[in-house]
Number of protein chains: 2
Amino acid sequence: MATCACEINACVLCEDRIYSGLSKEQVCHIREHLVREMYEPHEVLFREGDEATSLFSLRSGQIKLTTSMPDGRQQILRLVVAGQLLGIETFKAQRYPFTAEALTDVVACKISHNDLRQILELNPAVSLRLIESLSQQLDQAESLIRDLGLKTSLEKVSSFLLSLIPQRGDPGAELPLRLSRREIAEMLGLTEETVSRVMADFARRKIIGSGKGYIRILDRKWLGETAGVRNDSTAAGLRVVAGHS
Amino acid sequence: MATCACEINACVLCEDRIYSGLSKEQVCHIREHLVREMYEPHEVLFREGDEATSLFSLRSGQIKLTTSMPDGRQQILRLVVAGQLLGIETFKAQRYPFTAEALTDVVACKISHNDLRQILELNPAVSLRLIESLSQQLDQAESLIRDLGLKTSLEKVSSFLLSLIPQRGDPGAELPLRLSRREIAEMLGLTEETVSRVMADFARRKIIGSGKGYIRILDRKWLGETAGVRNDSTAAGLRVVAGHS
DNA sequence: CGACACCTTGAGTTACGTCAAAATGAGTGG
DNA sequence: CCACTCATTTTGACGTAACTCAAGGTGTCG
């Protein structure tokens with residue numbers, strides 16, 4: 001146990017509990033495959049099109065995944081937060097389909113596809129966790145598709161703001177906002193000017209309070225209705241329930 | 001064995017090869033969990049918001065997954081083709097986040113989450129296949145996000161048309177087009193009028209040839225450039241795949 | 001202090017949506 | 001076969017949400 005290269009316990013691949021049933025030697029053997037890496041804000045983990053041999057599990061910090069067109073237009077595909085995986089898309093593919101850039105200080109575990117494959121064959125519990133993580137990511141991606149495909153700028157920004165609310169914790173508290181207007185725009189398929197206008201409007205109407213680096217949700221109900229959300233319990237999924245024949 | 005309820009061999013969960021290493025009794029035991037179901041065009045497998053207990057593996061046909069806003073706006077999230085899974089998003093969640101509707105005659109295998117969980121614990125190989133399938137779906141979803149977020153109507157339709165080209169087979173051949181203009185629009189975040197105009201324009205410029213129920217790609221290179229396809233990979237997102245039965 | 005990145009606001013433009021009407025085609029029944 | 005309906009597609013004229021371009025404001029850091 002003491003000889004493990006990766007002794008941390010805060011990411012999908014590192015958690016103790018998924019190794020129940022394995023001997024300490026086996027656990028160490030697995031953990032030896034994990035390489036711990038650190039990044040600074042704006043540091044790039046890899047670029048779209050780079051050859052992909054590994055995937056990451058984010059221990060702490062935040063990462064944005066972006067894709068861009070030849071002329072420079074950029075789209076944020078996902079924000080990766082602590083505990084989530086990153087790059088499983090490449091489990092079969094050879095190249096990263098997006099660029100990964102740290103938004104904050106980041107600690108991540110890196111593991112090669114081959115090593116992961118080995119681990120999965122050894123331990124079904126890890127597979128289950130991986131499948132759950134992937135399902136959640138897919139769900140999230142579909143939610144973004146919904147936002148991009150059929151919402152107005154007002155609705156998009158509302159959805160975005162709601163997604164900032166943590167699952168647990170005081171919903172009325174100040175929420176840290178790490179993304180610039182430009183980045184919010186790149187996430188929602190808008191321009192930074194439009195995002196700025198909408199948020200200024202929301203602030204004027206006391207729907208949100210905003211300061212530098214943070215925002216505060218003042219009228220969650222209104223945001224929910226505007227975003228087209230029916231069931232307001234979840235913040236991650238932004239579930240839309242159909243009422244329609 | 002001969003007593004298997006599901007003797008077919010054309011979906012992720014049914015393939016022989018993933019059961020290598022298991023006894024015939026075990027394979028039968030697994031397959032007993034699979035329920036084979038058939039659907040007609042326009043038949044709905046389940047609706048957004050329905051309680052989710054099962055997932056499906058599509059044996060043949062095509063299914064569209066849609067989500068809608070309270071006022072009726074609709075977005076197609078994905079087209080499911082033979083061999084793909086459907087509804088793993090609900091592996092943890094309780095409700096389907098989209099409506100699934102058959103576009104053609106459909107044969108699918110249905111399995112409950114619990115049964116699947118049991119199978120996965122028994123057999124790591126099935127997990128691997130599932131993870132690969134999920135990775136591919138995620139990749140596809142991200143590609144659609146990219147199209148929706150940063151492309152113009154021209155670029156969107158180009159991407160879509162390119163996605164119709166089957167991986168194998170004559171690229172210049174007539175491609176069956178099962179989707180209506182409205183459905184293409186719902187996929188691309190456009191209106192049916194815009195799709196109609198763009199496609200009429202393409203036809204006038206001899207970029208495609210179009211007839212009822214099919215289209216023919218005449219200038220693939222131009223479409224690729226317009227869609228902003230990166231040189232070494234094809235657009236994964238709007239992969240529809242020409243149907244066969 | 002100046003340099004620089006970020007945000008806001010305004011005025012003018014445009015890509016796409018909306019509304020409306022006509023054209024086309026498939027299905028049905030006489 | 002034609003006559004009918006009904007859904008889909010096309011085309012046109014017009015409106016508008018969001019983009020573009022431009023300028024000015026605000027905060028941060030060396």
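All values below come from the heavy atoms of this structure, side chains included, with hydrogens, waters and symmetry mates left out.
For DNA chain D, the outermost nucleotides in 5' to 3' order that have an atom under 4.0 Å from a heavy atom of chain B are dT9(D) to dA13(D).
Within 4.0 Å (heavy atoms only), Gly213(A) reaches no atom of the nucleic acid at all. Among the atoms of the strands shown, none is found under 4.0 Å from any heavy atom of Gly211(B). Residue-level contact check: Ser196(A) touches the bases, meaning some heavy atom is under 4.0 Å from a base atom.
Computed from coordinates, the Ile184(A) CD1 to dC6(C) P distance equals 13 Å when rounded to whole Å. Summarising the geometry, the separation between NZ on Lys156(B) and C1' on dA15(C) is reported as 11 Å, rounded to the nearest angstrom. One can place CG of Leu179(A) at 19 Å from P of dA5(C), the figure rounded to the nearest angstrom. Arg182(A) places its CZ atom 10 Å from the C1' atom of dC6(C), with the value rounded to the nearest Å. One atom, CZ of Arg178(A), and another, C1' of dC6(C), lie 18 Å apart when rounded to the nearest Å. Here the C1' atom of nucleotide dA15(C) and the CG atom of Leu188(B) are 16 Å apart, to the nearest Å. Distance, Leu148(A) CG to dC16(C) P: 15 Å, rounded to whole Å. Atom pair Asp71(B):CG and dT18(C):P shows a separation of 10 Å (rounding to whole Å applied).
Look at Arg197(A) and Asp201(A) and you find no salt bridge, because none of the NZ, NE, NH1 or NH2 atoms lies under 4.0 Å from a carboxylate O. Looking at Glu192(B) and Arg181(B), no side-chain N of the basic residue comes within less than 4.0 Å of a carboxylate O on the acidic one, giving no salt bridge. Under 4.0 Å is where a charged nitrogen must lie from a carboxylate oxygen, and between Arg220(B) and Glu225(B) no such pair does.
The minimum heavy-atom distance linking Gly149(B) with Gln75(A) is given by the pair CA-OE1, 3.2 Å. The two residues Lys151(B) and Glu155(B) have their closest heavy-atom pair at CA-OE1, 3.2 Å. In terms of heavy atoms, Gly49(A) sits closest to Arg95(A) at O-NH1, 2.6 Å.
OP1 or OP2 of dT8(C) has not a single side-chain nitrogen or oxygen of Arg197(A) nearer than 4.0 Å. Under 4.0 angstrom from either OP1 or OP2 of dC6(C) there lies no side-chain N or O belonging to Ser180(A). Regarding contacts with the backbone of dG17(C), a side-chain N or O of Thr194(B) is found under 4.0 angstrom from either OP1 or OP2.
For Glu193(B), counting side-chain heavy atoms from C-beta on, the closest listed nucleotide (dG17(C), dC19(C), dT9(C)) is dC19(C). Between dG25(C), dT18(C), dC16(C), one nucleotide has an atom nearer to the side chain of Lys212(B) than all others, and that is dG25(C).
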Q: Report the C-alpha separation of Phe202(A) and Ser210(A) in whole Å, then their side-chain angles, then the decisive distance to 0.1 Å, and conclude whether the side chain to side chain contact (heavy atoms under 4.5 Å, CB included) test is met.
A: CA-CA 9 Å; Phe202(A) 282 3; Ser210(A) 85; over 6 Å; no
Q: Check the pair Arg78(B) / Gln137(B) against side chain to side chain donor-acceptor pair (under 3.5 Å), numbers first and verdict last.
A: CA-CA 9 Å; Arg78(B) 179 160 74 100; Gln137(B) 282 178 50; 3.0 Å; yes
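Looking at Arg146(A) and Thr67(B), their side chains do bring a donor and an acceptor atom within 3.5 Å of each other.
Listed in residue order, the members of residues 198-210 of chain A having a heavy atom less than 4.0 Å from DNA chain C are Ala200(A), Arg204(A).
Ring-plane geometry between Phe98(B) and Phe46(B) is classed as tilted, the angle between the planes lying from 30 to 60 degrees on a 0 to 90 degree scale.
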